[in-house]
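Accompanying notes for the structure given below.
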Amino acid sequence: MSKKANSMTRRRILFAAAVLGVGAFVIVAGRLFQLQVLNYEFYEEKAIAQQTKDTTIEPMRGTVYDCNMKPLAISASVEMVTLEPRKIADDEQAQIISQNLAEILDMDYETVYAKASKTDSAYEVIKRGVEKEVADEVRQFKSDYNEKIKEYNEGKPEDQQKEAITSIYMAPDTKRYYPFGNFAAQVLGFVGSDNQGLAGIEAKYDSYLTGTPGRAIRATNANGEEMPFDYEMYYEAEDGNDIILTIDEVIQHYLEKNLEIAAYDNNTQNQVAGIVMDVDTGAILGMATKGDFDPNDPFTITDEQKAQELAAITDEEEHSEKRNEILQAQWRNKAVTDTYDPGSTFKILTASMALEEKAITVDSTFYCPGYRMVEGWPQPIKCWYYPRAHGSQNLYQAIQNSCNPAFIDIGQAVGAKTFLEYYKAFGLDEPTGIDLPSEGKSIFHSEEQFLSNKVDLATASFGQNFQISPLQLITAVSAVANGGNLMKPYIVKEILDSDGNIVESTEPTVVRQVISEETSELMCDILETVVSEGTGKNAYVAGYHIAGKTGTSEKKAKQAETGRNDLRISSFIAFAPADDPQVAVLVILDEPTVQPVTGGITAAPVIRRIMSDILPYLGVEPTYTAEELEEKDVSVPEVIGMTKTEAESALSKVDLDYRVVGDGDTVTDQLPSYGSAIPGGSQVVLYMGAGKPTEPVQVPDVTGLSVSAARAQLERAGLYMKGSGAVSSSGNVVASKQNITGTAAMGTVVTVEFTDLDQRAE
């Protein structure tokens, strides 16, 4: 081969080598560019994951307090069980770990095993919120297992030895507690297993309560083991903010106690609800729904009947849907979320708008034949009193009697256009904007239909055929009570940071003035007579001026669905003192079954009990009439050792009568004993030489008896009666409830509630 040919061959080889070299360089450079530039973050994360262990430090969730700083929802330090699956030796060890953790932590084996099988994972949360006692069981399992492995490995060749468990870790965690159990359950809500708010205040203010997690980043060696603390970076967690509610724990307890009694006494089928509001500010002092649940265990169904119905469903999908439906109903805050026909409680607003517009005056008269015919409707629209009739009435009487025909006339006098304007002015066409989740939205006729249909105006005038929420109603009625100002309701008073500094504060907000002070004062006066003389007599509390209105509404949609025409909502709204309103209370009983179902008989006694509890607590001083003073409790003086004349004088000073047993010169014993509280005018037994009986006596059942008959029967048994409710009413008053049955010591005071059965109004 010639030199020329060899030279050409070399050049070709060199050229090919150069091309291949450049090509290889381009490929390598491209790959490096992809790895180091395009996928930099991806591989950086993988490298960091291999070289470090990053642990999240959970912050302490903020505390929820009542207005007096009593904790209602708190977080406590617990532990979290985590797993580092990449350190698990083999599948056998994964199964052992999964089986034991599942048993100790009360979890499903498959759930734990699925996490243990992620062999490339450095961090898996097995369970959060683990109490120390349970966490110690996990530690003990790990210790016991590793001790057995140590014994097993002794004397065995290295290739036959088993590895100890190094993959289980415990980390600090927090757990939510509700110290009062089911107290204010629907208001507070609850959190999930990850401490995220799922309902109520917990959900609405989750971003404030949660806080900011911290991090602990520790370097690891080639075996994945943690390096010394010199290689650690620690970022402290920032605890969540605290929430101070307007709820008063004492008032809330009074509200819940009396709602539970009402639900039981009336065998209510679809929960009861109540709200207590400061009429001047819109602050919610109490809010409750019964039945309820325990936020510490929110996924347990508390209604036994519904739990049994659920247990009978065998289809898995149907079972799941039904369970979710029951839980959602259990968690729902009925006072805020649900809407209903307000019934005759709405007559407060109808009368207020009519007086404000001067469509009527206190001198207006209304005639009730027991019904009213309205253009556009072929049937008579009946009064609750039908087939009886109220006849001729003035405004006070029409409201006291809760007369539907009178309010149809009042609504017509106002006119549809003006009625609709006031409906909106009272805030009933939109949510109130309260700081709670899932507020219900009212349902009203379309404007076009309402302005052209006299029947819709007629029924709306007495609170039927439209729906509002309980919160909307009490907010509107509070405007009637407070001088005419519609206030925005609120339930969070302040938000504090972890150092106690105020982050946010809620001030009372006037939305608008709806009626004048003059109209407000007149309505307060009229509504007080509803309780003292009208259909609300069963809400009467001696010594206190209470204004209010009864309400009974039909559940027409459910009646049509079920074919039952006895489904009712019984309600009562009241505020006090009538001459200087401070607090409003609304009570709703959904589907009570104990007849008769009316606002005056079913709901009014509940209001009476609530007002009897909260007005003294709020410092409202009672002012008694002469008749009330006779029934007022007095303290029995000490008369033992006195002569008959001296004892008579001491007893007369506190308005107590007496009778004598025995013929001695001085009082040797007395009944009741010194310091006992008994009604004024009661008779004290003076034992003069004779022995006082010590055996307990049988307490007679006085339910269904009149006031005088009940008192007489109890006195014959050696007992005293304290009457409450419609004691002084002139109607058909009978004892409806007594606080003591069975036997009692002679001289015991038995509290008897009386109901005026003539008050069968809405």
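Numbers here are sequence positions counted from 1.
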Q | Check against salt bridge (charged side-chain N to carboxylate O under 4.0 Å, His left out), D144 and K148 | A | CA-CA 6 Å; D144 292 346; K148 290 179 182 178; over 6 Å; no
Below 4.5 Å, heavy atoms only, C-beta onward: do [X] and [Y] meet side chain to side chain?
{"X": "H253", "Y": "F180", "result": "yes"}
{"X": "L209", "Y": "V64", "result": "yes"}
{"X": "K334", "Y": "Y340", "result": "no"}
{"X": "D136", "Y": "Q140", "result": "no"}
{"X": "T432", "Y": "E439", "result": "yes"}
{"X": "L245", "Y": "L188", "result": "yes"}
{"X": "M107", "Y": "I126", "result": "yes"}

Of all heavy-atom pairs between [X] and [Y], which one has the smallest distance, and what is that distance?
{"X": "T268", "Y": "A262", "value": "OG1-O, 4.0 Å"}
{"X": "T339", "Y": "K441", "value": "CG2-O, 3.5 Å"}
{"X": "D66", "Y": "I244", "value": "O-CG2, 3.6 Å"}

Q: Quick one: do D173 and V130 satisfy side chain to side chain contact (heavy atoms under 4.5 Å, CB included)? Show the steps, please.
A: CA-CA 8 Å; D173 196 14; V130 179; over 6 Å; no
Please determine whether the number of non-hydrogen atoms from other residues, nucleotides or ligands lying under 6.0 Å from atom [atom1] of [X] exceeds 12.
{"X": "D106", "atom1": "CG", "answer": "no"}
{"X": "K115", "atom1": "NZ", "answer": "yes"}
{"X": "Q160", "atom1": "CD", "answer": "yes"}

Q: Please step through side-chain hydrogen bond (donor to acceptor under 3.5 Å, both in side chains) for the pair D297 and Y178, ending with a clear verdict.
A: CA-CA 10 Å; D297 187 19; Y178 303 88; over 6 Å; no
(Q) Please tell me whether Q95 and D91 have a donor and an acceptor in their side chains that are separated by less than 3.5 angstrom. (A) yes
Q.
Side chains of R86 and T119 only: does a donor on one sit below 3.5 Å from an acceptor on the other?
A. no
Can [X] and [Y] be counted as an ion pair, charged N to O under 4.0 angstrom?
{"X": "R332", "Y": "D338", "result": "yes"}
{"X": "K162", "Y": "D90", "result": "no"}
{"X": "E163", "Y": "K87", "result": "no"}
{"X": "R61", "Y": "D206", "result": "yes"}
{"X": "E147", "Y": "K150", "result": "no"}

**Q.** Evaluation steps, side chain to side chain contact (heavy atoms under 4.5 Å, CB included), between L83 and S167
**A.** CA-CA 5 Å; L83 203 60; S167 56; 3.9 Å; yes
Q) Would you call the rings of Y254 and Y617 parallel, tilted or perpendicular if under 30° counts as parallel and over 60° as perpendicular? A) perpendicular
Q. Between Y208 and Y205, what is the ring plane arrangement, given parallel below 30°, perpendicular above 60°, and tilted in between?
A. tilted
(Q) Test your reading of the model: is there a side-chain donor-acceptor pair from E238 to the backbone of P59, 3.5 Å cut-off? (A) no
Q: Flag this pair as yes if the NZ/CZ of K156 is under 6.0 angstrom from the six-membered ring centre of Y152 and inside a 45 degree cone about the axis; otherwise no.
A: yes
